[in-house]
Amino acid sequence: MGLGERWYEIREAYRKIVDVYERANKIVTLGNVDRWRREALSLYYSVNGRSVLKILDAGAGPGNMAHHLRGTRYLVAFDASIEMLRLNNVADDRVVGMFEQMPFRDESFDLLISGYALHAAVDLEKAAAEFSRVANYQVVVAIGKPDRRVARCLVLAYAKFVVPRVVCIVAPRQICREYGKIYEIMASLPPNSRIRQIISRYAHIVQYREKGLGSVYIYVAKSRNHA
Ligand SMILES: C[S@@+](CC[C@H](N)C(=O)[O-])C[C@H]1O[C@@H](n2cnc3c(N)ncnc32)[C@H](O)[C@@H]1O
């Protein structure tokens with residue numbers, strides 16, 4: 001399947017969940033979704049205290065990650081989903097596109113932030129390369145797959161059997177089914193240690209943490225070959 005077809009799939013999936021998005025996230029992460037976004041950005045500020053000027057929010061959606069930025073001068077929201085971007089009233093500019101082929105020049109941004117989106121990349125390696133090409137630093141929080149077998153089984157069982165059911169508390173049945181895709185995404189991911197290796201080919205990871213038994217990872221990285 002080509003990039004165009006996968007783009008269509010991603011857009012459709014996110015178009016359907018747009019109305020219940022953050023409420024459902026709160027439920028499936030047991031209230032932690034925003035805490036982990038905040039923690040990711042705090043980690044960045046603790047490593048690199050100064051405020052940053054130009055920021056790209058990759059997979060920005062409604063801008064939930066960007067809400068936690070400090071001292072930004074210029075913020076671009078980038079996403080495959082027009083419907084998600086329409087809700088974004090945080091960014092200065094909004095650009096539609098795919099992680100794997102970003103329409104930006106090398107080192108266009110001081111910092112790239114990405115909340116709960118990298119796991120949906122069609123090609124993780126290309127996305128990692130593009131993140132590093134366009135920005136000097138990156139702060140990412142994304143769904144992962146635990147390395148340890150017991151944690152992996154627990155987390156996959158949670159995604160498969162619990163997530164689509166609890167989302168029904170706040171969403172109609174056909175939308176709950178969309179959340180079942182989290183299991184499919186998670187199952188198809190490489191384990192977290194492998195994801196780290198892929199990222200490390202393009203960026204030097206300066207902070208890395210796992211949350212929720214390894215179902216979510218956070219990293220701060222400096223892109224390689226940049227001044
Ligand atoms: C779960 S939302 C995250 C929104 C927001 N960053 C947050 O913290 O909640 C993931 C977003 O990433 C976008 N996305 C997923 N895969 C993508 C890709 N390969 N290229 C561009 N955007 C993508 C989706 O359209 C969606 O809006």
Side-chain angles (χ1 to χ4, degrees), residues 1-29 31-42 44 55-69 75-91 94-104 111-131 133-135 138-144 159 163 167 171 175 178-186 188-189 195 198 211 215-219:
M1 194 186 284
L3 196 58
E5 284 151 306
R6 286 301 305 272
W7 184 349
Y8 177 76
E9 270 188 7
I10 289 171
R11 281 179 58 180
E12 277 303 289
Y14 285 99
R15 185 182 61 74
K16 288 181 191 153
I17 64 168
V18 75
D19 292 334
V20 298
Y21 175 65
E22 191 66 354
R23 272 179 291 150
N25 290 345
K26 272 190 194 139
I27 291 181
V28 302
T29 62
N32 284 302
V33 64
D34 207 38
R35 177 174 311 149
W36 292 338
R37 291 188 189 106
R38 236 186 357 256
E39 183 171 332
L41 279 168
S42 298
Y44 171 77
I55 300 189
L56 179 67
D57 187 356
N64 317 45
M65 180 101 171
H67 280 298
H68 302 294
L69 286 168
L75 173 66
V76 176
F78 180 75
D79 203 294
S81 162
I82 298 167
E83 287 78 12
M84 278 284 191
L85 277 184
R86 277 205 191 106
L87 299 180
N88 191 309
N89 55 13
V90 194
R94 294 175 287 182
V95 177
V96 179
M98 293 287 283
F99 296 155
E100 292 76 4
Q101 269 177 12
M102 289 187 157
F104 305 111
L111 173 65
L112 175 151
I113 63 171
S114 183
Y116 304 103
L118 185 57
H119 51 263
V122 178
D123 183 327
L124 181 63
E125 177 108 31
K126 277 193 187 150
E130 283 293 84
F131 279 16
R133 182 183 66 75
V134 301
Q138 47 191 289
V139 180
V140 174
V141 46
I143 292 176
V163 167
V167 168
I175 292 178
E178 289 301 314
Y179 271 80
K181 288 185 183 155
I182 291 181
Y183 167 76
E184 289 165 29
I185 288 177
M186 205 179 238
S188 70
L189 285 173
I195 295 175
I198 294 172
K211 301 287 166 184
S215 57
V216 165
Y217 62 85
I218 294 173
Y219 73 81

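Read the numbers this way: they start at 1 and go in the same order the structure lists the ligands and their atoms. Heavy-atom basis, side chains included; hydrogens, waters and symmetry copies ignored. As the structure is a computational prediction, the values presented were derived from the model and not from experiment.
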In the protein, what heavy atom is nearest to atom 22 (N) of ligand 1, and what distance, to one decimal place, separates them? A80 N, 3.2 Å
Return the closest protein heavy atom for atom 5 (C) of ligand 1 as residue, atom name and distance. A60 O, 3.2 Å
Indicate yes or no: does K181 engage E184 in a salt bridge with an N to O separation below 4.0 Å. no
Identity and separation of the nearest protein heavy atom to atom 6 (N) of ligand 1: G59 O, 2.8 Å
Within the 4.0 Å heavy-atom shell around S81, which atoms of ligand 1 are there? 25 (O)
Going by heavy atoms, is G97 under 4.0 Å from ligand 1? yes
G115 heavy atoms within 4.0 Å reach ligand 1 at atoms 3 (C), 4 (C), 5 (C), 6 (N), 7 (C), 8 (O)
Taking the side chain from Y116 and the backbone from V33, do they hold a donor-acceptor pair closer than 3.5 Å? yes
Just jot down the ligand 1 atoms closer than 4.0 angstrom to any heavy atom of M84, in number order. 27 (O)
Can you list the atoms of ligand 1 that are under 4.0 Å from a heavy atom of E100? 19 (N)
Shortest heavy-atom approach to atom 9 (O) of ligand 1 - which of Y21, F99, W36: Y21
Test item: R23 and K26 side chains (from C-beta on) under 4.5 Å apart, heavy atoms: no
Which word best sums up how the rings of F104 and F78 line up, parallel for under 30°, tilted for 30 to 60°, or perpendicular for over 60°? perpendicular
Nearest atoms (heavy-atom pairs only) where G61 meets N88: O-ND2, 3.0 Å
What is the closest protein heavy atom to atom 10 (C) of ligand 1, and at what distance does it sit? Y116 O, 3.4 Å
Determine yes or no for a side-chain-to-main-chain donor-acceptor pair under 3.5 angstrom, with S114 supplying the side chain and V140 the backbone. no
Could you measure the distance from the CG atom of L87 to the CD atom of E22? Nearest 0.5 Å is fine. 11.5 Å
What's the shortest distance from atom 15 (C) of ligand 1 to any protein heavy atom, and which residue and atom give it? A120 CB, 3.6 Å
Has E100 got a side-chain atom pairing as donor or acceptor with D123's backbone, closer than 3.5 angstrom? yes
Between M98 and ligand 1, find which residue part has any heavy-atom pair under 4.0 Å and reply side chain, backbone, both or neither. both
Should we say atom NZ of K211 is surrounded by more than 12 heavy atoms from elsewhere, each under 6.0 Å from it? yes
Could you say whether the N/O atoms of D79 and ligand 1 ever approach to under 3.5 Å? yes
Would you say that F131 contacts M102 through its side chain, given a criterion of any heavy-atom pair below 4.5 Å between the two side chains? yes
Would you check whether P62 has a nitrogen or oxygen atom less than 3.5 angstrom from a nitrogen or oxygen atom of ligand 1? no
Look at atom 8 (O) of ligand 1 and find which of R37, M102, E22, E83 reaches it with the closest heavy atom. R37
